[in-house]
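Step one of this worksheet: look at the structure below.
Positions are given from 1 along the sequence. Because the structure is a prediction, the values reported are computed rather than measured.
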Amino acid sequence: EMLRSLVGSEMCIRDRLENLAAGMLCMQDAQTGRFDHVISARDLAVVDVFRHVEYDGEAIHALLKLYELTGESRWLSAAESAFDYVIDQRYWQHHSPWLSRAAGVLTRFRPLEKFFQFGVRNLPDFEATVRPGVPASPAMLELALAGRQLAERLALLPAMGHLLQQLDGERLYACLLYTSPSPRDS
């Protein structure tokens, strides 16, 4: 309610969100799906084509959430194109929480193997990175939760069983235990 009173009606908010997304599409290469990461506010010239993989994950996630709100296919198409670029660039090697979030949303609308495969590959080796007694980062918890959600979705898709077998459920569960504080730690 407070947000609505600050920026206007729901239609006004939606218009503003779509204007922001249209600006994002101006930063996307129509051929490759790549986003320019930094542009100049003064003249909109590209300052930095690439800054960090998280920028791509945030952009894709935002476009997918707008698609969820509006149902307009251009937002989904742009997100899918950007994700194809992310796959081509092998960004799973960065184990990005934002790309895990984006993959989780994208596979709800486009349950294609390549997007699920990215989600599986994007998960880190939890055994090597999360150990009892060693504090884990919030990013690691986010990745473990994304892995759990991915496993749950894959379990419902018999044709994707081979991807489910690539997930190590015991390591995912261990990571969730190690990254989540117990009541006695409070």
| For S77, does its backbone N or O pair with a side-chain atom of S81 as donor and acceptor, under 3.5 Å? |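 Flag not set: sc S81 to bb S77 has no pair under 3.5 Å.
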| query | Can you tell me if N122 uses its side chain to pair, donor with acceptor, with the backbone of S96 under 3.5 Å? | reply |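 Checked: pair present.
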| Atom pair CD (E80) and CG (L64), whose distance is rounded to the nearest 0.5 Å |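 It comes to 9.5 Å.
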| Which distance, rounded to the nearest 0.5 Å, do you find between the CG of L154 and the CD of Q149? |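 L154 atom CG to Q149 atom CD measures 12.0 Å (nearest 0.5 Å).
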Closest approach of [X] to [Y] (non-hydrogen atoms, all atoms of both residues):
| X | Y | answer |
| --- | --- | --- |
| S100 | L143 | OG-CD2, 3.2 Å |
| A62 | M24 | CB-CE, 4.3 Å |
| L150 | V120 | CD2-N, 3.5 Å |
| L69 | L17 | CD2-CD1, 3.9 Å |
| G57 | A102 | O-CB, 4.1 Å |

| field | Residues, nucleotides or ligands: over 12 heavy atoms within 6.0 Å of Q31 CD | value |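 No, the 6.0 Å shell around CD holds no more than 12 heavy atoms from other groups.
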With a 4.5 Å limit on heavy-atom distance, are the side chains of [X] and [Y] in contact?
| X | Y | result |
| --- | --- | --- |
| L66 | E72 | no |
| L106 | L112 | no |
| L123 | H95 | no |
| L157 | F116 | yes |
| M160 | L163 | yes |

| field | Under 3.5 Å side-chain donor-acceptor pair for Q117 and H162 | value |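 Result is no, nothing qualifies.
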| message | Checking side-chain polar atoms at under 3.5 Å, does R153 have a donor or acceptor matched by the opposite partner on T107? | response |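 Result is yes, a qualifying pair exists.
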| request: Verify whether the ring centers belonging to F115 and F83 lie closer than 6.0 Å. | output: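 Yes, they do, as the ring centres are separated by less than 6.0 Å.
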| said: As a quick check of understanding, evaluate side-chain contact (heavy atoms from CB on, under 4.5 Å) for F35 and Y85, giving each step before the final call. | reply: CA-CA 9 Å; F35 284 106; Y85 176 79; over 6 Å; no
| said: As a quick check of understanding, evaluate side-chain contact (heavy atoms from CB on, under 4.5 Å) for W98 and I60, giving each step before the final call. | reply: CA-CA 9 Å; W98 273 107; I60 294 167; over 6 Å; no
| request: Considering only NZ, NE, NH1 and NH2 on the basic side and carboxylate oxygens on the acidic side, decide whether R34 and D36 come within less than 4.0 Å. | output: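 Looking at R34 and D36, the cut-off is met.
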| Residues E54, R101: salt bridge by 4.0 Å N-O rule |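 No, this pair does not count.
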| message | Does W75 form a side-chain contact (heavy atoms from CB on, under 4.5 Å) with E18? I'd like the steps, not just the answer. | response | CA-CA 9 Å; W75 310 128; E18 289 186 339; 4.0 Å; yes
| request: Test side chain to side chain donor-acceptor pair (under 3.5 Å) on Q89 and H94 and set out the steps. | output: CA-CA 11 Å; Q89 298 301 304; H94 298 281; over 6 Å; no
| field | From CA spacing to verdict: side-chain contact (heavy atoms from CB on, under 4.5 Å), L25, L63 | value | CA-CA 9 Å; L25 296 191; L63 290 170; 4.2 Å; yes
